[in-house]
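Have a look at the structure below before the remarks.
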Amino acid sequence: MNHSRTTTGGQAAATGWTSVPAGDDGWQVAVKGYGIAAGRTHQGTALAGLVREAIVQGQLAAFLSTLDGHFCLRAERQGEVWAAVDRVASFPLFIGTDGRVSDRPLQVTDTPLLQALDTDTAREMALAGFSTGTATLHRGVRRLAVGELCHVRGPGQVDFHRWHQYRPWRVRPELTPERARTVLKDILHQLFQTLAQGCAGRPIVVPLSAGLDSRLIVSGLHAAGVKDVHCFAYGQPGNYEAIASRQIAERLGYRWTFVPYTLSRQRAALTSALHDDYVAFADSLSATPFEQDFLAIRDLTEQGWLPADCVMINGQSGDYLTGGHVPPSLAAPLPELSAAERFDQVFAALVKKHYDLWQSAQTPELMALIKARLLAHLNEIGLSEVPADAPHGAYEVSEYENRQAKYVVPGQRVYDFFGIDWRLPLWEKPLIDFYEGVPASLKVGQALYREVLWELDWGGVWQGYRTPPRTVLPGWLRGPRLLARLACAPFGRQTWHRVEKQVFGYPMDVLLNMAFLPYLRVLGDRRGYRNAFSWVGERYLAGHGLDWRGQPATQESAGR
């Protein structure tokens with residue numbers, strides 16, 4: 001990665017690739033990111049050298065299966081190409097029908113998007129914000145799946161191989177609660193020791209919130225003896241996440257700052273040319289760009305607050321991996337149900353969690369299409385039916401390969417855009433491998449994770465710390481909101497929730513994600529938006545000439 005930064009973004013990040021010229025073997029190798037081999041962290045030419053050696057020895061897939069870290073690679077020799085992404089495709093790669101491979105999806109095809117639009121994927125993305133499997137908005141552009149290696153032998157001759165597959169239905173019965181606690185503690189200890197060694201004394205910057213995951217990052221660094229840590233929070237002034245962030249940083253003796261979000265500041269940021277550049281830079285044609293911390297990173301970069309040659313480390317996505325998303329309906333075996341009925345349970349849970357950005361778009365025909373695509377995806381990865389003894393596994397792998405790998409993990413693109421190096425310790429191999437085999441009973445509610453964190457009590461920010469209470473922001477809204485709630489009381493809780501979202505959701509959003517919209521447009525909308533990401537997704541699709549339903553925009557649909 002490029003460690004230099006400027007306030008223009010994008011330009012500082014350049015391509016992010018480190019290339020090694022062709023040697024005697026003829027292979028020209030390019031890599032992004034970092035790899036951990038034999039306990040050592042490798043970047044740039046060192047990582048490229050390891051990749052070249054594995055290719056020459058004919059052991060690339062075997063080498064990747066032992067390599068930890070977050071990376072992508074591309075090697076070429078006389079028209080032959082090897083390309084691969086890591087276990088969560090944290091640096092995505094795309095391949096066109098003629099075998100071209102690139103990290104920019106529209107660089108692998110000569111056909112404009114709207115002329116080769118995958119309408120099914122577009123409609124699905126309008127409802128969820130991400131695609132299923134390897135599909136993109138363009139029929140001629142395929143995304144490499146997580147943990148996938150492709151070998152282009154010549155025009156039209158492409159082989160794909162999964163060198164890694166997350167299989168959370170393969171529960172390990174030997175992981176009793178006591179054994180699981182011991183193993184997880186050992187993994188976390190080693191993970192932070194390796195992280196501290198890999199950063200080699202460089203300043204570390206952590207976006208710190210009230211949640212478990214970023215608190216684990218800072219307390220784990222503290223336990224590993226790392227002293228040069230800089231923390232920050234952002235959002236509306238006075239939000240409880242920021243208050244907790246400051247308190248935790250102070251307890252650990254780490255530097256802290258806050259980036260305030262206001263409607264005017266967020267509106268200016270989200271409608272700026274710089275933001276347009278970021279969206280274009282981060283566009284994967286398979287998910288809405290992740291942009292919640294764009295304003296914060298821009299400000300910290302412009303202010304010079306970020307230390308030179310720093311490493312950004314956030315807590316993505318500990319809540320998912322440790323079981324925070326496992327629905328109770330899938331936590332126990334379902335032997336009494338047929339395979340079709342078990343899939344219906346998984347599908348219902350996925351829809352409730354992710355596929356409802358617009359209620360008006362949830363037509364029976366579209367839901368049937370999405371159901372078929374999700375089932376086909378499970379079949380493609382080798383899960384022919386939802387396991388009766390571990391139904392949660394089908395749900396987890398679907399979210400892993402789709403929402404996590406395409407929307408959440410790519411939150412790192414904003415760091416790339418501003419030329420900031422980063423690490424994702426909670427997506428490293430030891431944790432992925434461990435949680436693959438953890439029983440659902442220890443995942444639901446993050447039971448095992450929470451117990452271990454409180455037992456370790458690193459930095460004294462667990463057992464002896466309570467997060468501050470949530471409050472309604474901005475403060476002036478509390479009176480009008482209370483009056484509205486009292487007025488809605490005779491009509492029931494559902495009516496109140498509907499009014500609260502429609503009337504107060506826009507100014508109450510801590511990150512003010514809808515600031516780019518006029519308030520009256522949100523207030524008057526009757527399509528049934530779920531949250532701010534409904535509007536962010538609509539805006540992203542509009543940038544590609546599509547309406548809120550994922551269909552080519554007409555003057556009428558674009559104005560709705």
Side-chain angles (χ1 to χ4, degrees), residues 89 92-97 105-106 108-146 148 160 283-289 340 343-344 346-381 383-384 394-395 397-407 410 527-530 533-534 536-554 557-558 560:
L93 290 179
F94 307 88
I95 184 168
T97 53
L106 290 179
V108 301
T109 180
D110 298 321
T111 308
L113 188 151
L114 286 179
Q115 292 182 25
L117 178 67
D118 184 333
T119 54
D120 290 346
T121 297
R123 296 174 66 200
E124 179 182 50
M125 284 182 60
L127 200 58
F130 53 86
S131 68
T132 296
T134 60
T136 71
L137 288 172
H138 196 296
R139 290 195 308 270
V141 179
R142 181 193 190 279
R143 178 188 175 116
L144 264 64
V146 296
E148 189 167 53
F160 295 96
D283 193 1
S284 68
L285 296 185
S286 49
T288 303
F343 178 73
D344 285 344
V346 171
F347 178 66
L350 286 169
V351 168
K352 182 178 181 181
K353 183 73 173 179
H354 300 307
Y355 292 83
D356 63 346
L357 288 182
W358 297 102
Q359 291 180 9
S360 297
Q362 284 186 314
T363 64
E365 182 268 334
L366 179 55
M367 300 312 294
L369 169 67
I370 292 174
K371 184 175 184 179
R373 287 167 69 94
L374 288 171
L375 182 59
H377 176 237
L378 293 181
N379 285 324
E380 287 170 5
I381 63 176
L383 193 60
S384 57
Y395 176 96
V397 75
S398 181
E399 177 164 348
Y400 181 110
E401 298 214 355
N402 296 315
R403 185 175 186 270
Q404 293 297 319
K406 294 173 185 171
Y407 174 70
R527 294 170 294 174
Y529 78 94
R530 176 178 178 172
F533 301 109
S534 306
V536 174
E538 178 188 48
R539 186 188 191 199
Y540 166 75
L541 292 173
H544 286 301
L546 305 172
D547 67 13
W548 64 280
R549 296 164 299 186
Q551 299 175 356
T554 63
S557 66
R560 292 189 63 173

Under the ring pair (Phe, Tyr, Trp, His ring centres under 6.0 Å) rule, collect the residues that match up with Phe347, sequence neighbours excluded. none
Counterpart residues, ring pair (Phe, Tyr, Trp, His ring centres under 6.0 Å), relative to Phe533 (two or more places apart): none
If you take all heavy atoms of [X] and [Y], which pair is closest and at what distance?
X: Leu357; Y: Gly129; value: CD1-N, 3.7 Å
X: Pro289; Y: Tyr407; value: O-CE1, 4.1 Å
X: Ala122; Y: Gly550; value: CB-O, 3.1 Å
X: Ala405; Y: Val146; value: CB-CG1, 3.5 Å
X: Lys353; Y: Arg530; value: O-NH1, 2.7 Å
X: Met125; Y: Leu285; value: SD-O, 3.8 Å

Are the side chains of [Y] and [X] in contact, using a 4.5 Å heavy-atom criterion?
X: Leu117; Y: Pro552; result: yes
X: Thr136; Y: Pro105; result: no
X: Ile95; Y: Leu144; result: yes
X: His138; Y: Phe94; result: no

Residues that Ser534 engages under side chain to side chain donor-acceptor pair (under 3.5 Å), provided they are two or more places apart: none
Identify, with sequence neighbours excluded, every residue that meets side chain to side chain donor-acceptor pair (under 3.5 Å) alongside Asp283. Tyr540, His544
Quick one: which residue pairs count as a side chain to side chain donor-acceptor pair (under 3.5 Å) with a foot in residues 117-133, not counting sequence neighbours? Asp118-Thr121, Thr121-Arg373, Arg123-Glu365, Glu124-Thr132, Glu124-Arg373, Ser131-Lys406
Identify each donor-acceptor pair in which a side-chain atom of residues 374-381 lies under 3.5 Å from a protein atom, sequence neighbours left out, and give them as a table.
{"unit_1": "His377", "atom_1": "NE2", "unit_2": "Glu401", "atom_2": "OE1", "d": "3.0"}
{"unit_1": "Asn379", "atom_1": "ND2", "unit_2": "Leu375", "atom_2": "O", "d": "3.3"}

